[in-house]
Every structure is written in C-alpha cells, then in structure tokens.
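Following: one structure in structure tokens, then a few remarks.
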Amino acid sequence: MTGVPAYLDHAASTPMRPVALAAMTDAAAHLPANPSGAHRLAREARRAIDDARQVVADALGADLGEVVFTSGGTEADNLAVLGVHDRRGGVLVTSAVEHHAVLDPVLGRGGRVVRVQAGGTVDLDHLAATVDPDVTLVSVMLANNEVGTVQDLDAVAGVVRARAPGAALHTDAVQAAPWLDVASRAAGADLIAISAHKFGGPKGVGALVVRGAGSDLAARSSGGGQERERRHGTQNVAGIVALAAALEEAARERATAAERVGRLTDRLRAGLLAAVPDALDTAAAAPERLPGICHLVVPGVETEALLVLLEQAEVYASAAASCASGATEPSHVLAAMGLGRAERAGALRLSLGWSSTDAEVDHALEVIPAAVAQLRRRAGRTLGGAA
Ligand code: PLP
C-alpha cells in the first residue's frame, strides 16, 4: 500500500487555507469589540467586516450593500427561499437535484419541482412549463454537490425572465464557488448563496447576495438590525474575515487550481473505471461538471460497506448525501437523474480540493478496486452459500 491517507471528501468540507486560519486567529485576538458598538474598537471590527464584504462583493460581482453575512450555506439558502416567500407569497420553484437547504423549504411551502436530464442538468422545457406569473422565486443551483453537474444559469434566467418577469432567481453557488467564476456565471441571479468551508474558510459562516427582484426579502430573524435588517444578530467577525481571506485566495488561484485538480480527478475517474468492472460514471452525460468531483456507481456493492473498508485503508470518501448523524441517506439527486434503487445503493463520491495531491490519487487507485473486489467476493460467497 502506498500509505498516504487520501482525504477525498472536499465537497463535504475542505481544509482551511493557512491564510484563512491566520486571518481568523488574528481577528479573534485583535478585534474584541461588538461591531455594532459606537466606540473605536467597535468601528475597527465593523471596518473589518466591511473590508470582507467588499472582497465577497468583488468575487460575486455584487455591490457592497448587497452582501449579507450568514451562518453558512444552509442559512443563506433558507433566507433566500423563505425570505422571498414570507414577503411575497406566491409559488416557489426549484430543481429536483437541489441541496435539502433549498429543496425542503420549497416543498414545505407547497412549491413545484422541475425535472432534470440524465446528466443532472435542468430540463429547460419543463422549467418553462412550470414557471408562470404566479411564481415569485425560482432556485437552481450553479453546481451540484453530489455529482458535480454545472447548470447553465443564463439559460435558466432566460426562461424565468420570459415566463415570470417579476420572480427572483436564486442560485445556490456553495459548490461552485471554489471552482467557477460565480460573478459571470450567476450574473443573471438576484440571490446567490456561498459557504466558507467549501473554499478553505471556516465552517459556520457564509453569505447571500441580495439584489434585484430579491431585494425585498423578509428577514428570518428579529433583533438588533444587523446586515441592513436582513439578518439580525452579532456577526461572526473572525469567521467573516477568514471567509474573505479564503475567497480571495481561492479566486486568485482558481484557474490553475481547476486545471491541476481537474487533471487529478480525471486520472482518478479513468483509473477507477478501468480497474473496477462495471463501474458507471454517474454524470457522464453532463455538458460540464466541477473539476473536483468524481461520482461513480459501483453495482453489486453497498456504499456503507465500501466506505467502511475504504476508511480502514485511510481513504476518506462519502456517498454524497449524509445527514447530521453521519448516516448515509438515499440520494434524491441520483433518483432524479433516473438511476434505479440498485444503482443508487452503490454510489460513491470522491471529491478533491485545493490541497489534493497525486499521492492521494495513487493511494485511492490502489485501495478502491481492491475493496470493491473484496466486497464482491464476499457477496458471491454469501450467494453461493445460500444456493
Ligand atoms: N448547498 C450545497 C450545494 C451544499 O453542498 C451545502 C453543504 O454541503 C450546503 C448548501 C449547506 O452549506 P452549509 O454546510 O454551510 O450549511
């Protein structure tokens, strides 16, 4: 065995970038005041938040006053969807492959769900048939967290503007932010959600761009009037400063990182498809996918059993959809893409990030085919024994 632990779960959370860690520690040590206060130290904390706000605004193609800091991607998504619905009512629409942070609030308010094609891209004809003037918000993610499919948001925006000119368009850019130029890809969106821990910042801090048809959203909390009364509560100053440091570095390195990591992911995918008989490249039909995600379906293998074997050999991966208990839950994304129950049972997401190395890919290529073969032998013996 090559022996290098392989952390292949960056889409769940990527390690903090040293620059973000340093910025966070520094802010925690040197900015003690409440940013809402009136004295000099409070003003310093407030200035640090506004410097960070400018970084986020630049990275996302927004104005300073359009950036709202939140406690992460989930809160940003909830604020977008429910904040618009609380203010305007009407019908909410989303795609079948969204993260639960969008899908559940939409379904909870009786919203409509748009089909996707085999590669996971939104069916634009079905979107057009679903959106009418009663619709107040459409939410389509920029890139999917399980299989990595990238959506053509300009095309989505075109349909939404034609069918429901007053509706807000929200995009969950949580997975896209480390890899894509969100400013240009989401230029047609009124609401854009990001989360720091997906691009090398800390967990528990994120942001929502609020503009255009999304501007009048209602706050989901009440309190001290922070974030232009869109998100009340004392801001996480050190987390926000670290988010900005990570985002700035991620944006600066985006092109080279996407190319380097894209090559690693391609090598991993090609190697596994060659070495694991019958393995399927889940999102092969997608016109574009994120450089960091390799999603496979391995017939005849249960994901949970495979993950246990991989962990024993220090390959850390996931089935993509996990709940707070750490248990694997059935994937609504794979179901929406047309995969049957048996195929979904053998789902494996390997996700790479800014710190991924060739050695990790080598290790995964050594461990995963052997683990699959072991599980298939075991299943064969069980079947043989029963016959
Ligand atoms: N949206 C997507 C696409 C995600 O992948 C995630 C996290 O996995 C979230 C939203 C939620 O973000 P957070 O973990 O910051 O709450």
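Atoms within a ligand are numbered from 1 in the order they appear, just like the ligands themselves. This structure is a prediction, so every number in the text was calculated from the model and none was measured.
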Would you sort out whether His232 and Ser221 count as a side chain to side chain donor-acceptor pair (under 3.5 Å), showing the intermediate values?
CA-CA 6 Å; His232 300 261; Ser221 53; 5.2 Å; no

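- Of the charged side-chain nitrogens involved, none lies within less than 4.0 Å of a carboxylate oxygen, so that Arg252 and Glu248 do not count as a salt-bridged pair.
- Of all the atoms in ligand 1, the ones that sit under 4.0 Å from a non-hydrogen atom of Gln175 are 3 (C), 4 (C), 5 (O).
- The heavy atom nearest to atom 3 (C) of ligand 1, considering only Val102, Asp172, Thr70, Asn78, is found in Asp172.
- For Glu343, there are no salt bridge (charged side-chain N to carboxylate O under 4.0 Å, His left out) partners at least two apart in sequence or on another chain.
- Side-chain atoms of Glu146 and Ser331 include a donor-acceptor pair closer than 3.5 Å.
- Taking every non-hydrogen atom of Gly72 and a distance limit under 4.0 Å, the qualifying atoms of ligand 1 come out as 15 (O).
- Within ligand 1, the atoms closer than 4.0 Å to a non-hydrogen atom of Asn145 are 3 (C), 5 (O), numbered from 1 in the order shown.
- In this structure, the side chain of His332 does not engage the main chain of Leu103 through any donor-acceptor pair within 3.5 Å.
- Note on Arg269 versus Asp266: salt bridge recorded, some NZ/NE/NH1/NH2 to OD/OE distance being below 4.0 Å.
- Annotation for ligand 1: atoms under 4.0 Å from non-hydrogen atoms of Met141 are 3 (C).
- For atom 7 (C) of ligand 1, the closest heavy atom belonging to the protein is Lys198 NZ, 2.9 Å.
- A heavy-atom separation below 4.0 Å is found between His197 and ligand 1.
- Near Asp77, meaning under 4.0 Å from one of its heavy atoms, ligand 1 places the atoms 1 (N), 10 (C).
- With Thr130 as reference, Val93 is the one residue of Val91, Val93, Asp123 to meet the side-chain contact (heavy atoms from CB on, under 4.5 Å) rule.
- In terms of protein heavy-atom proximity, atom 9 (C) of ligand 1 is nearest to His99 NE2, 3.5 Å.
- In terms of polar-atom proximity, defined here as any N/O pair under 3.5 Å, Gly73 does make such a contact with ligand 1.
- Nearest non-hydrogen protein atom to atom 15 (O) of ligand 1 is Ser195 OG, 2.6 Å.
- The parts of Thr74 lying near ligand 1 are both backbone and side chain, judged by heavy-atom distances below 4.0 Å.
- Ion pairing between a basic and an acidic side chain is recognised when a charged N comes within 4.0 Å of a carboxylate O; Arg211 and Asp63 show no such pairing.
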